[in-house]
Amino acid sequence: MNIVQLLLTRARQYPHAPAITFSGATTTFEALADTVTRMAGALQAQLGLRPGDRVALWMENRPEFLESLFACWVAGVCVVPVNAKLHGREVAHIIQNSGAKVVLTTAYLEGALRDQMGADEAAVTVIVADHQEYRSLALGEPIVCHDAAPTDPAWIFYTSGTTGFPKGAILSHRNLIFMSLAYYADIEQVAPGQTMVHAAPLSHGSGQYLLPHLFAGGHQVILPKFDVRQVLEAFTQYEGVSIFAVPTMITRLVQCVEQMPDWKGDVRTIIYGGAPMYFVDLVKAMEVFGTGFYQLYGQGESPMTITGLTRREHALAREAGDAVHLASCGVARTGVEVRVVDPETGHELGPGQLGEIVARSDCVMAGYWNNPAATASALRDGWLWTGDIGVMDEQGYLALRDRSKDMIISGGTNIYPREIEEVLLIHDAVSECAVVGRPHGDLGEEPVAFIVCHEGKDVSATELDELCLQHIARFKRPRDYRYIESLPKSNYGKILKSQLRTLLKGEAS
Ligand code: AMP
């Protein structure tokens, strides 16, 4: 089944319901379905695209991203969404690696794209959403939706890749339909009139979770970027709002609402994940927004769907002061098997034992595009090896430690930075922090903490050291505290520990 059938079904059922709002203008389901079936016709007739071809979508958050995405699917074409904040050089790599024949982009990004495409430019058609040639696609002859096989590639998701060039996880129609069904089973049911606000890039998690929400008849409000005030405004303007946010976005929303004592918004569900949400930040967030939180643990290779912590579990754990479950990322999602295994042998480990997390379900990618070596290492005997280190308790709650590459090995002992970071964040002067390993002659590595203080507050290294000694083993405490203005972050808001490590390595050499 072609996933876009879900949109076409809803357009017949609720033609006049609002589908997308951007900058005050709303498109109904009927109008959206009309545009995308016409555009699909034009993609085939005018641009010569055939089922199985790839089209890259390099756009900021705007409705044309969605029109293009759905039109490609109606035409049987696989999309390659690319984050608008990537460098033109990275985008050129993705276009070349995926073999995209067409790039749909915007006037704002076009220059950066053409600068980098070089000799490839002749082989690729670039269509700019702000120009007439894009608008004329919507005047094409409508076509019947391509009858896709469940295994046909629908979305090639280039992993954010904090180092090196990104790899393209191939997500099939079945993968995305499974992701959507798991959304309804585990997170929430959606009805027309309910709203999802998109402030995070549509090329990543926000765009993926737009699918189940829209396909159930929900109303998608697109914001051009993450702007704290605009998000809070949307929470007050619309009813029953859901949002997908990475933890750093939630922390910024909380900090802003704390300055607005009279603020009242209608938040239904805040779905968060993609990076660690620290315990103290989560408790504060629940004080401000209530307990409508859902935490997901997933990755591009198993989109949004490995484990989850439900709103009920948030409420119960908060009431019971159960820090262990609140700091976990929940249990296996419906239809997903999750194990913790020995990274060397692949044998399943028992409760309480640390190992690599592996997962198996219909959500797991088919492999990496054009990269058999990376595919063979990530997919073994039907299991996805996530590269994340974690531990599961007797009840099946999974606690993530770190990416295996973020672990610090000091004097032969493993230190998990997250454990130290959770402690440092207890201090109310600390706004953000990141702990990484610094090369050390005898020990191999030693932990160093990078600290960002709240405006107008500070804290000494001695105080932080005492705090660590109160909570964690002596050998785990940072040997150095570095105070910085802000932490380096990726385009998705993830902290780039690789940059901090490079800085320390440079100093050491
Ligand atoms: P990406 O493929 O860019 O979505 O990144 C996926 C990675 O983000 C995972 O492999 C984890 O390392 C991290 N991640 C995802 N969800 C969580 C979560 N709930 N808590 C901590 N880290 C997470």
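Start at 1 with the first residue, then count along the sequence. Indexing begins at 1, ligand by ligand and atom by atom, following the structure's order.
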N/O of Thr386 under 3.5 Å from N/O of ligand 1, yes or no?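 Looking only at distances, the answer is no, because the N/O contact criterion of under 3.5 Å is not met.
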Between Phe157 and ligand 1, does any nitrogen or oxygen pair lie at a separation below 3.5 Å?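 Not met; the criterion fails.
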Tell me yes or no: between the side chains of Gln299 and Ser302, is some donor less than 3.5 Å from an acceptor?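 Distance-only check fails for Gln299 and Ser302.
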Give me the one residue out of Met196, Gln295, His213, Arg311 that meets side chain to side chain contact (heavy atoms under 4.5 Å, CB included) with Ile271. Met196
Please state which part of Gln295 comes within less than 4.0 Å of ligand 1, counting heavy atoms only: side chain, backbone, both or neither. side chain
Winner among Gly273, Gly298, Gly205 once heavy atoms are compared against atom 15 (C) of ligand 1: Gly298
Options Leu296, Asp388, Leu309, ranked by nearest heavy atom to atom 11 (C) of ligand 1, top entry: Asp388
Quick one: do Arg401 and Asp406 make a salt bridge, cutoff under 4.0 Å?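 No, this pair does not count.
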Can you list the atoms of ligand 1 that are under 4.0 Å from a heavy atom of [X]?
X	value
Lys494	1 (P), 3 (O), 4 (O), 5 (O), 6 (C), 7 (C), 8 (O)
Leu400	20 (N), 21 (C), 22 (N), 23 (C)
Gly300	1 (P), 2 (O), 4 (O)

Evaluate whether atom NZ of Lys489 has more than 12 neighbouring non-hydrogen atoms of other residues, nucleotides or ligands under 6.0 angstrom away.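 Yes, because the 6.0 Å sphere around NZ of Lys489 holds more than 12 heavy atoms from other groups.
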Suppose we call two aromatic rings close when their centres sit under 6.0 Å apart. Are Phe244 and His198 close by that rule?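 Ring centroids of Phe244 and His198 are no less than 6.0 Å from each other.
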Using the benzene-type ring in the case of Trp, are the ring centres of His314 and Tyr272 under 6.0 Å apart? yes
